Undergrad: 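I have a structure here, written as structure tokens, and I will follow up with some questions on it.
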Number of protein chains: 2
Amino acid sequence: MMKKNTPATLSDVAELAGVSKAVASRALSGKNRPISADKKARVCQAAELLGYVANPFAQSLANQETGLVAIVINHISNVSDLTLFDSLIQGIQSIGKQALFVRLKSLQDIDQLQKNAFIQRVDAALVLSDLIEPQLAESLFYTHNVIMLNGKSQDRGYSVKVNEALGIKDAIAYAQRIGIKRAVLIAGRQSSVNEEQRVEHYLTHLAQANIKLESSVFCDYSYDEALAYLTAANIDMSDELGIFCTSDSMAMAAVDYCQANGVTKYSSHIFGFDNTEFSRRGCYQFSTIGFDKHDFVQSIITLVKQAQSNDLSVANEHNEKRLPTKESHLIIDTQFYLNTP
Amino acid sequence: MMKKNTPATLSDVAELAGVSKAVASRALSGKNRPISADKKARVCQAAELLGYVANPFAQSLANQETGLVAIVINHISNVSDLTLFDSLIQGIQSIGKQALFVRLKSLQDIDQLQKNAFIQRVDAALVLSDLIEPQLAESLFYTHNVIMLNGKSQDRGYSVKVNEALGIKDAIAYAQRIGIKRAVLIAGRQSSVNEEQRVEHYLTHLAQANIKLESSVFCDYSYDEALAYLTAANIDMSDELGIFCTSDSMAMAAVDYCQANGVTKYSSHIFGFDNTEFSRRGCYQFSTIGFDKHDFVQSIITLVKQAQSNDLSVANEHNEKRLPTKESHLIIDTQFYLNTP
DNA sequence: CTGAAAGCGCTAACAT
DNA sequence: ATGTTAGCGCTTTCAG
């Protein structure tokens, strides 16, 4: 693989078009900078000819925008992450920016984050990891376009939250309707705020539906831990028991547990979370709670754009004081997906 | 969320340490530039105090390294992608670089790629997408550190390939041993070179094992397409039939197809590919072919480092001619994972 | 070993 | 509307 000769620069384009660098820059800037039509045409043609693409590093240096959007995640493991990441990358690319993935396995990785100069200078940051508190987010990025997606937020700033109450309520209402009287709750990571709220909702609605919570446990959303718990606890299945899981992976474990123990009519008694494809497969049939990932991502991308334009207008006003950004808190509703054969 | 005051610059550090910018730069450069011990200490201390982190955009401009590694993928959909991406990101971060994800859904997205200035200037590119030919890769990046991971490669350059012959051979040998006489092959995307080679291996070894290939089809690796095919073709299961799938998702479809048709003893007759966790779950039990993702990623990261140091040494020699890079083609072997209850 | 100065490629005043 | 100029923050000659 040969390295190409060094890429064409703006100077090359300007020279070929017979104009100054400034004119060339304006012609190609996208925005409506003052420039005569014919020169603009000449410049564009020259750029085309040379295969010119502006060096984003030089651009960043000159105009304070980087074109990078950070996606800060815990390590990837959940099956529901697949579709989410796919559309997140797509969304970010659709507004002409690049997706920079930052993976946080533990609190110790945060030290590294703080020294990561790229991260510091992204145009926006999407925080999915529950390891990051709003306060920390504030000090981690030089941009104020931080969008909290992990269920946390402060008064000022941006967040997209998922309203899980709706889906949970419907799921439990359904459970009540089919005669479920007792419940087991298999939750995810205890340290997550999302998860705390979720559990809260389950408790509330379970109580309202007169379903007795027999036991509950925090796992890490994983199949293995959930299966281990069910096996160890030797959960007694009967027609009246419902198993509520806060991830589809754990619901799969519940299905396997039932099958292993010869319980046949389990499908309508197991409730997952995330609405992954697995909830509707031949083997694994269970109901699940989820939300539209596409809507979610769209909201996020819209927010990124909006945040950035706020940013620019503030900058244009030559406002010396660093204003806190406008705030915006979007909410996406979950719904209950009934999947029984 | 308040934007911080503008980040500390090298000048700030130099001033605080009472030295020139040049000295400060050298002190912090990591490499062994000539500098007195006490000044070095003073500079480091000042940097620490100010929380200084070099601006990577300015650095890139000055020294031609960007610290970015592109991961060029097709859209994410396969369950086997989860663990792979997770360790890929981790690996890239472990050598102090950032992972830039580029998602290619179709050939049309490639146009955009060619105009993507970030992509052009990454330090290395990991190409997983089968949409990208070696020749195209050559013209897409200014670096020659392009590592082909999609089964394609040319003489010069880097690649890590997976030797799938071994696992496939063992799987078919096992099939023969348990009395399988007929086979159905459900393959993935036809346009993929990886996939072509794979099919080739299946054909060869099936023939050698005297197993008759009754039908074969190209799907897109997905559960849905595979299930649709099986249903439409109304495949006749019997003890002597083996179903070979080139993804675990499609193998899951085969399991569900069998169950739906009342076939009970299917587990040892279905063969997947990727060795995902799903092949060993209560519901879905089937054998699968796969390779160690961790080894794979390690090889890739090692190659990235090696490629870069070649790069640097070439640069240091002030070699005016653009040398083709050294070449390196690593091979990872697959193995057969027998999963039967 | 050190510092002054040039320059990476671009944009944004500021004059014209 | 256009060109000139001055940086953005850093690394790197090149003289001391």
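Remember, it's a predicted structure, so these values are computed and weren't measured experimentally. Every chain is numbered from 1 and lettered A, B, ... according to where its sequence line falls, protein lines coming before strand lines.
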Undergrad: Is the shortest side-chain N/O distance from A/Gln59 to OP1 or OP2 of C/dG9 below 4.0 Å?
TA: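 Answer is no, no contact under 4.0 Å.
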Undergrad: Using atom types as modelled and distance alone, determine if a side-chain donor or acceptor of A/His75 lies under 3.5 Å from a backbone N or O of B/Gln90.
TA: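 No, the answer is negative, given that no donor and acceptor are paired below the 3.5 Å cut-off.
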Undergrad: Can the ring centres of B/Phe57 and A/Phe118 be said to be less than 6.0 Å apart?
TA: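 Between A/Phe118 and B/Phe57, which both carry aromatic rings, the centre distance is below 6.0 Å.
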Undergrad: Please list every donor-acceptor pair under 3.5 Å in which a side-chain atom of residues 21-32 of chain A meets a protein atom from a residue at least two apart or in another chain.
TA:
residue	atom	partner	partner atom	Å
A/Ser29	OG	A/Arg26	O	3.3
A/Ser29	OG	A/Lys31	N	3.2
A/Ser29	OG	A/Lys31	O	3.3

Undergrad: Mind checking A/Lys39 for me? I need base, sugar-phosphate or nothing, with any heavy atom below 4.0 Å counting as a touch.
TA: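 The answer is sugar-phosphate, as A/Lys39 gets under 4.0 Å only of primed atoms, P, OP1 or OP2.
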Undergrad: Starting from P on C/dG7, measure out to CD on B/Gln64 and report it in whole angstrom.
TA: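 Computing the B/Gln64:CD to C/dG7:P distance gives 15 Å.
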Undergrad: Nearest to the side chain of A/Val23 - D/dT2, C/dA12, C/dT2?
TA: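 Side chain of A/Val23 sits closest to D/dT2.
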Undergrad: When you look at CD of A/Gln135, are more than 12 heavy atoms from neighbouring residues, nucleotides or ligands closer to it than 6.0 Å?
TA: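 No - once you tally the heavy atoms of other residues, nucleotides and ligands closer than 6.0 Å, there are 12 at most.
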Undergrad: Check for me whether the distance between the ring centres of B/Phe85 and A/Phe101 falls short of 6.0 Å.
TA: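 No, too far apart.
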Undergrad: In terms of side-chain heavy atoms of A/Ile35, which of D/dT2, C/dT11, D/dG9 is nearest?
TA: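 My answer, after comparing the listed nucleotides, is D/dT2.
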Undergrad: Does a donor on one side chain and an acceptor on the other come within less than 3.5 Å for A/Lys97 and A/Gln308?
TA: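 Per modelled atom types, A/Lys97 and A/Gln308 side chains form a pair under 3.5 Å.
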Undergrad: For B/Phe118 and C/dG9, give me the distance from atom CZ to atom C1', rounded to whole Å.
TA: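 The distance from CZ of B/Phe118 to C1' of C/dG9 comes to 14 Å, rounded to the nearest Å.
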Undergrad: Choose from D/dT2, D/dG9, D/dT12 the nucleotide whose nearest atom is closest to any side-chain atom of B/Arg33.
TA: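 For B/Arg33, the side-chain atoms sit closest to D/dT12.
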Undergrad: Taking atom P of D/dT11 as reference, at what distance in whole Å does atom CZ of A/Phe57 sit?
TA: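 After rounding, the gap between these two atoms is 14 Å.
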Undergrad: Residues in salt bridge (Lys or Arg N to Asp or Glu O under 4.0 Å) with A/Asp109, at least two apart?
TA: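 Salt bridge (Lys or Arg N to Asp or Glu O under 4.0 Å) check on A/Asp109 returns nothing, list empty.
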Undergrad: Taking for each residue the nucleotide of DNA chain C bearing the nearest heavy atom, is the 5' side occupied by A/Ala22 or by B/Pro34?
TA: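 That would be B/Pro34.
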Undergrad: Nearest heavy atom decides the nucleotide; on that basis, is B/Ala37 or B/Leu61 closer to the 5' end of DNA chain C?
TA: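 Nearer the 5' end of the strand: B/Ala37.
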Undergrad: Tell me the interatomic distance from B/Asn55, atom CG, to D/dG7, atom P, rounded to whole angstroms.
TA: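 Result: 18 Å.
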Undergrad: Need one value for B/Ala54: base, sugar-phosphate or nothing, where a base atom within 4.0 Å counts as base even if backbone is also close, heavy atoms only.
TA: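 Here B/Ala54 touches the backbone only, sparing every base.
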Undergrad: Quickly work out the B/Lys21 NZ to C/dA4 P distance and round it to whole Å.
TA: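 That distance rounds to 11 Å.
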Undergrad: Can you figure out which of D/dC8, D/dT11, D/dT13 approaches the side chain of B/Arg26 most closely?
TA: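 Nearest to the side chain of B/Arg26 among the choices is D/dT13.
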Undergrad: May I have the distance from B/Glu65 (atom CD) to C/dG9 (atom C1'), rounded to whole angstrom?
TA: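 It works out to 18 Å between those atoms.
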Undergrad: Roughly, in whole Å, what's the span from CD in A/Glu15 to C1' in D/dT2?
TA: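 Roughly 18 Å, once rounded to whole Å.
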Undergrad: Rounding to a whole Å, what distance do you find between A/Leu10:CG and C/dC10:C1'?
TA: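 After rounding, the gap between these two atoms is 7 Å.
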Undergrad: What nucleotide, of D/dG3, C/dT11, C/dA4, holds the atom closest to the side chain of A/Ser20?
TA: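 Selected nucleotide (nearest to the side chain): D/dG3.
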Undergrad: Using the C1' atoms of the five pairs at each end, what is the angle between the end axes of the helix from C/dC1-D/dG16 to C/dT16-D/dA1, to 10°?
TA: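 The end-segment axes of the helix from C/dC1-D/dG16 to C/dT16-D/dA1 are tilted 40° relative to each other.
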Undergrad: Classify the nucleic acid contact of B/Ser25 as base, sugar-phosphate or nothing, counting any heavy atom under 4.0 Å across all strands shown.
TA: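 Result for B/Ser25 = base.
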Undergrad: Taking 4.0 Å as the cut-off, does a side-chain nitrogen or oxygen of B/Ser36 come that near to OP1 or OP2 on C/dT2?
TA: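 Result: yes.
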Undergrad: Grab the two heavy atoms, one from A/Ala47 and one from A/Val13, that are nearest each other, plus how far apart they are.
TA: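 Nearest pair, atom of A/Ala47 first, then A/Val13: N-CG1, 3.9 Å.
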